[in-house]
Each structure stands twice: as C-alpha cells, then as structure tokens.
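These values consider heavy atoms only, across backbone and side chains, with no hydrogens, waters or symmetry-generated copies. Throughout, protein chains are lettered first and strands after them, A, B, ... in sequence-line order, and every chain is numbered starting at 1.
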Amino acid sequence: MGELAEGFDAVAGRPKRYVLDMYPYPSGVGLHVGHPLGFIGTDVYARYLRMTGHHVVHSMGYDAFGLPAEQYALATNTHPRLTTEANIATMRRQLRRLGLAHDPRRSVATTDPAFYRWTQWIFLRLFESCYDTEADRARPVAELEAELEAGDREPAPGTNPSGRPWSELDASARRAVLNAHRLAYLAEVPVNWCPGLGTVLSNEEVTADGRSERGNFPVFRRPMEQWMLRITAYADRLLDDLDGLDWSEAIKTQQRNWIGRSTGAQVRFATPAGDLEVFTTRPDTLFGTTYMVVAPEHPLVEDLTAAAWPDGTPPAWTGGSATPDEAVAAYVGAAARRSELDRQAGDRVKTGVFTGTTATNPVNGAEIPVFVADYVLMGYGTGAIMAVPAHDQRDLEFARAFDLSVVGVVEPSSEWLTARSLAPDAPATNWPEAYVGAGVAMASGNDDIALDGLDVAAAKAAITTWLEGKGMGAGKVQYKLRDWLFSRQRYWGEPFPIVFGTDGEPRALPDDQLPLELPPMEDFTPTTSDREDSEPEPPLGRAEDWTSVTLDLGDGEGPQPYRRELNTMPNWAGSCWYELRYLDPTNDEMLVAPENERYWMGPQWDGDCGGVDLYVGGVEHAVLHLLYARFWHKVLFDLGHVSSSEPYRRLFNQGLIQAFEYTDERGFYVEAAQVVESGGRYLFEGRPVTRQLGRMGKSRKNAVAPDEMCERYGADTLRLYEMFSGPLEQSRPWDDTAVVGMYRLLQRIWRVVVDEETGAVRVADAPPDQATQRVLHRTTASVREGMETLRFNTSIARITELTNHLTSAHPEGGVPREVAEALVLLLAPLAPHAAEELWARLGHDASLAHAPYPEADEAWLVDDVVEVPVQVNGKVRGRISVPADADREALEIAARADAKVATLLSDATVRKVVVVPGRMVNFVLA
RNA sequence: GCCCGGGUGGCGGAACCGGUAGACGCAGAGGGCUUAAACCCCUCGGCUCCCCAGGGAGCGUGUGGGUUCGACUCCCACCCCGGGCACCA
C-alpha cells in the first residue's frame, strides 16, 4: 500500500495524471450497440491521453461480468435480455473483438469478496456515523453520544420523541435517539413492494406509473422494516455542489428537480382535534386561506372527522352521506383502492369530502372548513395544506367545485388583468384562474401585523417572523428527496455486516471480520408472487447454518448467539464507490490509500471539488447511480477518507446508437431485417408498416449485432464507423451500408504503407514537399483538437483528408516515411490494431501505445497565400488570391482589380468598404 | 402544463469568436480496369431557372420578424421532434 498507483498504465516520468471512468451499461446489461459507443469512446480517449504523455487510470466501469452467468440471471431475475449464458458469452466475444476483452488487471469485479469487504466497510461507516444538524457533516456516532452524555448538547429537534433530556432517557430511548441521527438506520417505512421481483425497490427505481424500472412489474406501497440511508441529510450539499460540476445542464436539472428544495414555512392551525400543521411556500397568502385539506392517509383524518354535519353544511360537501364518519370512510376507502396509476392518470377532477370540522386561521381567527381530498399527497410536506384558491390553481379548481370563497391577497399585475379583460378592482371570485405572479400584498393585516404594500418576498419574511414570534409556525425548507431505501430481498448483493442480538438490536460486525460472504446455496431465486399481500422472503433466510451464528464481536460480551441480517444491499452499493478502488486495486489494508486518492482525484486548483477527470455514462443514471455515488463520496469526504468532495468532476453523456423499428397496422413490432423499402414505403411480407427511429432491442425486433460487422470488416472498422458517424454525445441511427466507408479508409491507409502485391513497405526516405508538409501539420492540429474535445468524428474526417492527399500525390507509392509514420500515429487511438500492425511493418519493435502523438509545427499552419472572397452588398461575387499578411489597402486594391468585381463597381458609388484582413472584402454600394 | 436538449443536401454529419454554408463519409450519376461481375481507381454533384457546355441569375441552415456591411451563428415570437418531471402546496 501507499505506493502511487502503479495503476495499470503507469509510465515512469509521465507526471500528468488523468482518471478516466465510464459506466458502460446505459440500461441494464443488455446487448445493444449503445454500449460499444461508450466503450470505444473512452478507449479512444485513453489511448490518446497515453500518447500525449498522461499518466492514466482508465477504469472499465462497474463490472457485472465477474458473475457466474446463470447465478446472476437467476438471482436478479430482472434482466429480460440477460437470461442465458449465451447472451453473456456473446457480449464477451464482442468485447474481445473490439479489443476490449475482459482484463482482470483492469477490472474491479464487484462480486469479488475483496470488493465486498470494502463496500461493507463503508456501510459500517454509515451505520456508525451520524450527521450533525448544525454542522451538516458526517461524524462518528460515538462522538455525538459522548457529547450528549456530557450534557454539552441536546438531541436534535425531531430525533427525541419523548422530549425529555438525555440524562432521563432509558437505554432503549437513547438507542432510538442515536438511531434517529445515524446515516444508516432501520425503520418501519412505507416501501415499494414489488411482488413480481420478490423485493422492495427504492423510489428512484419506481417509474412514474407505479411499476418497477426493471421488468415493469406492478409496485405496491406497504409498511416494512428496512435499512435506510439518510441521503436527505445531504440534500443541501447535493444540490448546492452541483454548481461546481462540469456536467450537462440536463442532468443537473434532473438532480435539482429530484431533490426538489422549496423554501417556505410550516404553520400550525388549531382544530378541535388538535393542531394541524401545514407546509406552504406562500406564507404571505395566509390571509387568503379559505379552507384546508388533508390527504386521505393523514394520521389525523379520523380525529378530524366530526360526529355530525354542522348546521348549514352544503349537500355537495357531504358526498351524499348522512354523517361525516360515513362520508370520510367511504372517501378514504375509495382513495386507498385507487392505484397509483389511476390517481395520476385520472382526469384530475378535484374530489373530496368535508370532515365536519373547522380550523382556526392563526392570522385572522377565521373558522375555515377542513376537507379530505386526494389532490393532497401524504408523501410531501405534512400531508396537509392551507388552501388559497386566489393564488393556487389547484386550490381554485377545488374551491370552484365545492363553492368555497376566493379571497385575493396579492394585487395582480395590470398586464395580467388586461389580458383577461378584468377591471383593476375585480374581486378574486371573478378571476378565471389563480394569480401566481409577483405583486404587493393587499387585505392582509390584523391588529398586530400589516403586510399590505409589501412585495411577495418581503411579505413572506414579515409573516414568517410574526408566526415564529407567536409560536404558530416557523420558516422551513422542504425537500422532495426521501431517504434511500437500501434493503433488497435478493440473494445476489453484498450481505449486510450486521447481526441482531437476542434483544433484537442491530450490531456491527467488527472490521476484521469482513468480508461477510454469501453462503453457497442451491436455490437463490427470490420468492416472487403475483399477489400484492405476499410476504417478502429473502433467499438468505433459507441458508440456516449461515443465518444463526455464535460470534465474539470483540465488545467484551464474549461469544454470543446472533441472527444475521437476511436482506442484501442493492446493486447500486458497489457502483457508489468502485472508481476509488481503481486507484489502488490491490490494497488489502484500506479501500484506497490516501496518497493515491490525493494524487489521482484530489482537488487540482483552488475551489476544485476534485474527482474523476472524465466520466462517461448514460443519462438514465441522472437520479439513481449519480446521486447515490455523490452521497457516499461526500460521507467518505466528511469522515476524511478522501480528499475530493465529489466523485465525478466532469460528466459526459454519450448518445445511443439507434435503429429503425417497424410496426404493423396493429402496432406490433415486425422483424426489421425483413422489411423492404419500395418507392418510399416500407413493406413487411407485402403489407405496409410504419417506420420509427428508436432504441435497439430484442423486443423491438430491430437489434443489429456488431458481431457481424466485426466478422466482416474487423474491430477497427467498427470502431471508426461508430466514432465517425457523429459526435459522441449524440444518438444516431445505425446504418449498415455506411460501415464500408471506414473499411475503405483503412485499406487506403494500409496501401500508403504496404504494397498489397508484394507485402513490401512502400514508403520513401525522401523528405516531404511543401504542400504535403502543410497538409500534414494542418491535419495534426485538427486531429488533436478533435481528440481533446471528444469530437472524434472530425478527427477522422481530417485523417481521411490527409490520406486522400497522400494517395493522389503518390499514386505509385513512395509516401515520405515521416509522413506515413505520422499518419499511423494519428490513427492509433482510433484504430489501434491496424495502426499497431503498420507501426511494426514500418520497422518499430516497440508498441506505439506510448509513442509520442504527432505535434503540429506552427510554421506550417500559416499560409503564404490565401484565397479570400470579395462581396458586393454582402454577396460573394469573386475570389482573389492575396498574400496572407496583405493589409487592408492591398486587399482593397486586389479586390477592385478582380474583373467581375470591377464590372459591378464601374457604374456604382461605393458607400463603404469593409475589409477583414485574411478573411474577406465587402463593397457596400449606395 | 413545466424544465432541458435539438431542427443544415436523398442520408449521417462539418462550419473557430458574426466573415467563402454543405468539410468528411454513405447512397447516386458518369468514366477507367475487367471476357463479365465484385473489389479498386478517377470525375461530378444543395435546389430552381437561363444562355448552350463554359458560365450567368435567383433561392437556400424549421417558420416569421429584427440587429448588422455581412447571420446556421446574436435578439424577439412561433412551429415541429427527442428526453425528463408531472396535483410537490
């Protein structure tokens, strides 16, 4: 340990360090051509970096291929496309052909016990760490406990339900307080239970229509005791630190939306059933609150339900029931039966029933009705809202449906009023929609406070201060982000390094007892079911010798009987930190030596967060892997294990190779390979089908196998084609016929060096002529630029131009050796196999993998003579050849001398002459 | 509905900071080599029209305006395509 990562590519005396990482599986471990794009792109770049003198660690991503295929498929039971060994064998073969064969030295197999060990080690750090609400940094729970014991601080608000001081708490209450601070904790939480997969899923793994992201099975909500990771403690930093990252705005926006920070206030409304708390982003509109709503799942629903309808209750509020009890029970029951799908795909007509109870508006003492309605979600805020129909569209729709009053408390702008043909003094009741724009407060005052005339921000601040002073509310930041559900009922995954004593309390395994390996099992399939009420049965529960053990945890208790945790960690666990392991892959004392981490990933300049220099991955990990990994990395940073505060400084999202897919009149996919085109129409078995561009996949019957292309043209042709067809970040269709172009290019380059008849080298020792020098250096500069900016397509175009120049300048061979060698070196990162072979034929013994990449000589980049366009009134009317350094005057004289221009100028008045030296001349006529 | 991307020849795509639009490749046309085909090599090509084989004119980067001597590039409005979020108070 401690040696500067020999990495895998370390070269003595090459000090420029570079970490290149990729997450190569855009969507599961299927076989589609999106993968080679990422693979090849990073490989090209890594080869270029090595040749330009960088010290490179090039990770090959989070390796799922270390698994025995059958076990993997059975254990996960989630990849419809990866179910046979043949599939994996095909993928491996494909990688071999691409020259990217599985190399054990370069891969960190996350299923390797040595890797498990450190994943489990990090989990224990999470379990034994808390976050401090004041410092918002991870630190050992033991520190917090000592401070509480010494009376230096009190438990953070919300972590101590009893409210009594630490010294008066019994052992179990103290554990509960500490648990409420831990970054990894057990909790009975409503989870996403997916019987089809036999496991629970995290929020991020559930799609918007309530199905599993993998396998597309229905998902149900139910309470279960599960391991949770307190990612919410990092919400602010995960949000704020996005600003310093070199990531696409699209991904940053997705993370921002997912974290969903909103600032507002929590306000308490008094009701006969107790206080009802709401969260609002618009406390300034408190005076416009005309009713309240609680979600059907709200714990106070029952208490809020009155014994009888108050006098004068409108019939529409009662849901047709004789008593509030009946009405609320019917509504809550109906809401519970509606699936997530119905609830969101519905027509969004506002429904609800009155509870029969009123609440008191704290600012004006008004008695306002409390409703139960499903447009309020239990999962956000407090599950209850104050409704301000004048300034919230949803509330307005509900108010209109139930004939509730609408009170405007923010003056609409005059534009808004005129656009709706409203008089300035039109009452809010007449507004066609809620006013949500900026404006000053009106009709908002009581004996104590007056908001009238304040703008929205000032009014928010004033009312929040007032509420705090009265003890009726407080400023509050609310997040959409939830804690991360971290248990899975699967066999395959890291077992938790946790055992339970006879008291039922969780205990950490000591670090020196890691790794905890999975027990060998005959049958490790999850128990799946199609019944919503089925019970989760983790496969590990069937390994009885493993689950019940007698251990000495080194805690002074001696050997004791324990029961192991039966759940395993989700597949995201390993991918949260694997990039660190590449920096020090054989270290068996720590996950990564600090000096290695500092060298490769430490901050490079003032204010730099550090991290991987370039991370290539698909966009679909925006709120899964990329959020989880940032969270883990920040915890490791807080605990002092890494010096970088972010894992991936720069993120590059590669595009996918797409393919045309064809559907028949019923909308079913037909075999794309058998569709024929005729006269602009597409026919399958004689019947017309519709064509669409989409992702490749077996189910879409449009997958093309790169294998065939490799077979026919070789890996280099495939690499070149994939890189050439467009920029790396862009998705684009696969075109079988276009592949041949790159094959021809390689053949022409081959023939520059080798005589095909005799096999002899046909380069000449003569020096290149001026024209060739110019093309060579120009090409070199452009190719380098394309490489730096990951625009490999333009680099290949420039190499093609150089090749075209050489073949036409030397049709019989005899290309100057130094030019031929430069050409081969330029090509090397893109087509390494062919380049290596040519390099050897040119008489070099050593590989060109670390040969210096050609450099452009500035002297050859400037032309003596340039051709510039001459415009008349902005239209090009001629071209002139002038010395490159010609001044304005000389340019104008030359331009006027051009025969055609002279004709156009002869009987016109030149009003103005614009001359850009070296660029163009423009005559503006009167 | 909101938030991100993106619209350039028959096709994939080039074009630095506002300065020759269409590099490079595919497909296509014509020619060479060949008994023939394939491979390979050479030439041509944005669209429309005009003179007559070499040029000339007009129109052209989703649409409509604007700024500028000059706009694929900058500004305003709109249309279309792709992706994400979606009753988040």
Short side-chain to backbone donor-acceptor contact, A:T909 and A:R911, under 3.5 Å: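 Side chain of A:T909 to backbone of A:R911, a donor-acceptor pair under 3.5 Å: no, none is there.
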Donor-acceptor pair, side chain of A:K252 and main chain of A:L242, under 3.5 angstrom: yes
If you look at every strand shown and take non-hydrogen atoms under 4.0 Å, does [X] touch a base, only sugar-phosphate, or nothing?
| X | value |
| --- | --- |
| A:S262 | sugar-phosphate |
| A:K900 | sugar-phosphate |
| A:R256 | nothing |
| A:R261 | nothing |
| A:Q747 | sugar-phosphate |

Assigned glycosidic conformation for B:G9 [threshold 90° from 0]: syn
Syn/anti state for B:C24 [syn: chi within 90° of 0]: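 This nucleotide is in anti.
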What is the pairing partner of [N], taking Watson-Crick or G-U wobble pairs with both distances under 3.5 Å in any strand?
| N | result |
| --- | --- |
| B:C33 | none |
| B:G60 | none |
| B:G28 | B:C44 |
| B:C39 | none |
| B:U68 | none |
| B:C52 | none |
| B:C17 | none |
| B:G1 | B:C85 |

Between A:R732 and A:S725: side-chain donor-acceptor atoms closer than 3.5 Å: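 There is such a pair between these side chains.
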Expressed in angstrom and rounded to an integer, what is the separation of [X] atom [atom1] from [N] atom [atom2]?
| X | N | atom1 | atom2 | result |
| --- | --- | --- | --- | --- |
| A:R744 | B:C24 | CZ | C1' | 14 Å |
| A:E729 | B:A14 | CD | C1' | 14 Å |
| A:I251 | B:G84 | CD1 | P | 11 Å |
| A:L925 | B:G70 | CG | C1' | 14 Å |
| A:N793 | B:A14 | CG | P | 5 Å |
| A:I796 | B:C24 | CD1 | C1' | 10 Å |
| A:D736 | B:G12 | CG | C1' | 14 Å |
| A:H805 | B:C42 | NE2 | P | 14 Å |

Does [X] have a side-chain nitrogen or oxygen under 4.0 Å from the phosphate oxygens OP1 or OP2 of [N]?
| X | N | answer |
| --- | --- | --- |
| A:N804 | B:G25 | yes |
| A:R791 | B:C24 | no |
| A:Q730 | B:G13 | yes |
| A:K875 | B:G60 | no |
| A:R748 | B:C39 | no |

Looking at [X] and [N], is any side-chain donor or acceptor paired with a base atom of the opposite kind under 3.5 Å?
| X | N | value |
| --- | --- | --- |
| A:R798 | B:A23 | yes |
| A:K252 | B:C4 | no |
| A:R751 | B:C39 | no |

When the [atom1] atoms of [N] and [M] are considered, how many whole Å apart are they?
| N | M | atom1 | value |
| --- | --- | --- | --- |
| B:G6 | B:G65 | C1' | 22 Å |
| B:G10 | B:G22 | P | 16 Å |
| B:U73 | B:A21 | C1' | 11 Å |
| B:C75 | B:U68 | P | 16 Å |
| B:C11 | B:G58 | C1' | 27 Å |
| B:A27 | B:A36 | P | 23 Å |
| B:C59 | B:A71 | P | 13 Å |
| B:C33 | B:U8 | C1' | 38 Å |

A:E858 atom CD, over 12 foreign heavy atoms within 6.0 Å: no
Where do [X] and [Y] come nearest, in terms of heavy atoms and distance?
| X | Y | result |
| --- | --- | --- |
| A:D275 | A:L300 | O-CD1, 3.6 Å |
| A:V406 | A:A399 | CG2-CB, 4.4 Å |
| A:M723 | A:L728 | CE-CD1, 4.2 Å |

Counting side-chain heavy atoms from C-beta on, which of [options] comes nearest to [X]?
| X | options | value |
| --- | --- | --- |
| A:Q254 | B:G84, B:G70, B:A57 | B:G84 |
| A:R919 | B:A89, B:G19, B:A57 | B:G19 |
| A:A738 | B:C26, B:G19, B:A89 | B:C26 |
| A:V376 | B:A89, B:C87, B:G19 | B:A89 |
| A:Y380 | B:A89, B:U20, B:A14 | B:A89 |
| A:P869 | B:C3, B:U20, B:G19 | B:U20 |
| A:E801 | B:G12, B:C69, B:C24 | B:C24 |

Stepwise side-chain hydrogen bond (donor to acceptor under 3.5 Å, both in side chains) check, A:D735 with A:Y721: CA-CA 9 Å; A:D735 180 3; A:Y721 169 69; 5.5 Å; no
Parallel, tilted or perpendicular: ring planes of A:F398 versus A:F402, cut at 30 and 60 degrees: parallel
Face-on cation placement of A:K350 at A:Y375 ring, 6.0 Å and 45° thresholds: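 Here A:K350 passes the 6.0 Å and 45° test against A:Y375.
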Residue mapping more 5' on RNA chain B - nearest nucleotide basis, A:D395 or A:M742: A:M742
Upstream residue (5' side of RNA chain B) when A:A797 and A:S725 are each assigned their closest nucleotide: A:S725
